[in-house]
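Atoms within each ligand, like the ligands themselves, are counted from 1 in listed order.
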Amino acid sequence: MTENDINLLLDEIISRINNAYTPYSKFNVVSGVIDQNGKKHFGVNVENRSYGLTMCAERNAIAAAVTNGMKTIKVIAVVADTVGPISPCGACREVISEFSSDDTIIILSNKNKVYKQYKISELLPLAFRFDQ
Ligand code: THU
C-alpha cells in the first residue's frame with residue numbers, strides 16, 4: 001500500500017465514524033477491511049444498554065466482510081478519536097488473527113490520520129492455533 005492508498009482508505013473509513021452507536025461511552029470507533037478481491041467493508045462500534053453486548057467496530061467490519069464473501073483480510077484499518085493511533089482490544093485481535101496471514105496489513109490510526117502499520121504477529125504474538 002502506498003501512502004496515498006492508505007490516506008484514501010482512511011478518508012473513506014473516517015467518513016463513517018459518526019455512524020458509531022455509542023450513547024454510553026461516547027467513544028466512536030470505525031474500521032474498514034479490504035478483502036482478497038480488493039472489496040471494501042466497514043463497521044462501527046454498536047453499544048447496548050446491557051453493556052456486555054457491545055460490539056466493537058473491527059468485529060462488525062469483519063462480520064460484514066464475511067457476509068459479503070471475505071475469506072482473508074488483505075488490509076484492516078481501525079480509527080478512533082484518540083491522541084495517537086488506537087490500540088485494538090484483545091478480543092478484536094483474536095478475530096483479526098482468524099482471517100489474517102503474515103501479509104495482512106493492519107493500520108491503526110486516529111482521526112487525524114496519525115497512523116502506524118503492523119502485522120498480526122506483532123499485535124497478537126503466540127496466537128492460539130490448533131496446529132501448534
Ligand atoms: N471499542 C472498539 O470498537 N474497538 C476496540 O478495539 C476497543 C473498544 C469500542 C467498544 C466500546 O463501544 C467503546 O469502544 C469503548 O470501549
**Message:** If you compare all heavy atoms of Ile62 against all heavy atoms of Val95, which two are closest, and at what distance to 0.1 Å?
**Reply:** CD1-CG1, 3.9 Å
**Asked** For the atom pair CD1 (Ile106) and OH (Tyr118), what is the distance rounded to the nearest 0.5 Å?
**Response** 10.5 Å
**Prompt:** Taking distance alone, with no angle check, do Ala57 and ligand 1 share an N/O pair under 3.5 Å?
**Reply:** yes
**Asked** In chain order, what residues pass the side-chain hydrogen bond (donor to acceptor under 3.5 Å, both in side chains) check against Arg16, with sequence neighbours excluded?
**Response** none
**Message:** I'd like the name of whichever of Met55, Glu47, Arg59 reaches closest to atom 12 (O) of ligand 1 through any heavy atom.
**Reply:** Glu47
**Prompt:** Is the closest N or O pair between Thr54 and ligand 1 shorter than 3.5 Å?
**Reply:** no
**Prompt:** Of the backbone atoms (N, CA, C, O) and the side-chain heavy atoms from C-beta on, which set of Ser25 has a member under 4.0 Å from an atom of ligand 1: side chain, backbone, both, or neither?
**Reply:** side chain
**Item:** ligand 1 to Thr22 polar contact by distance, N or O atoms, under 3.5 Å
**Value:** no
**Asked** Which option, Pro23, Cys89, Ala80, Gly90, owns the non-hydrogen atom nearest atom 7 (C) of ligand 1?
**Response** Cys89
**Nearest-contact summary for atom 1 (N) of ligand 1 - protein heavy atom, Å** = Cys56 SG, 3.7 Å
**Message:** I'd like to check Phe27 versus Thr22 (side-chain heavy atoms, cut-off strictly below 4.5 Å). Are they in contact?
**Reply:** no
**Asked** What is the nearest protein non-hydrogen atom to atom 9 (C) of ligand 1, stated with its residue, atom name and distance?
**Response** Asn45 ND2, 3.4 Å
**Asked** Do the charged groups of Lys40 and Asp35 touch, with an N to O distance under 4.0 Å?
**Response** no
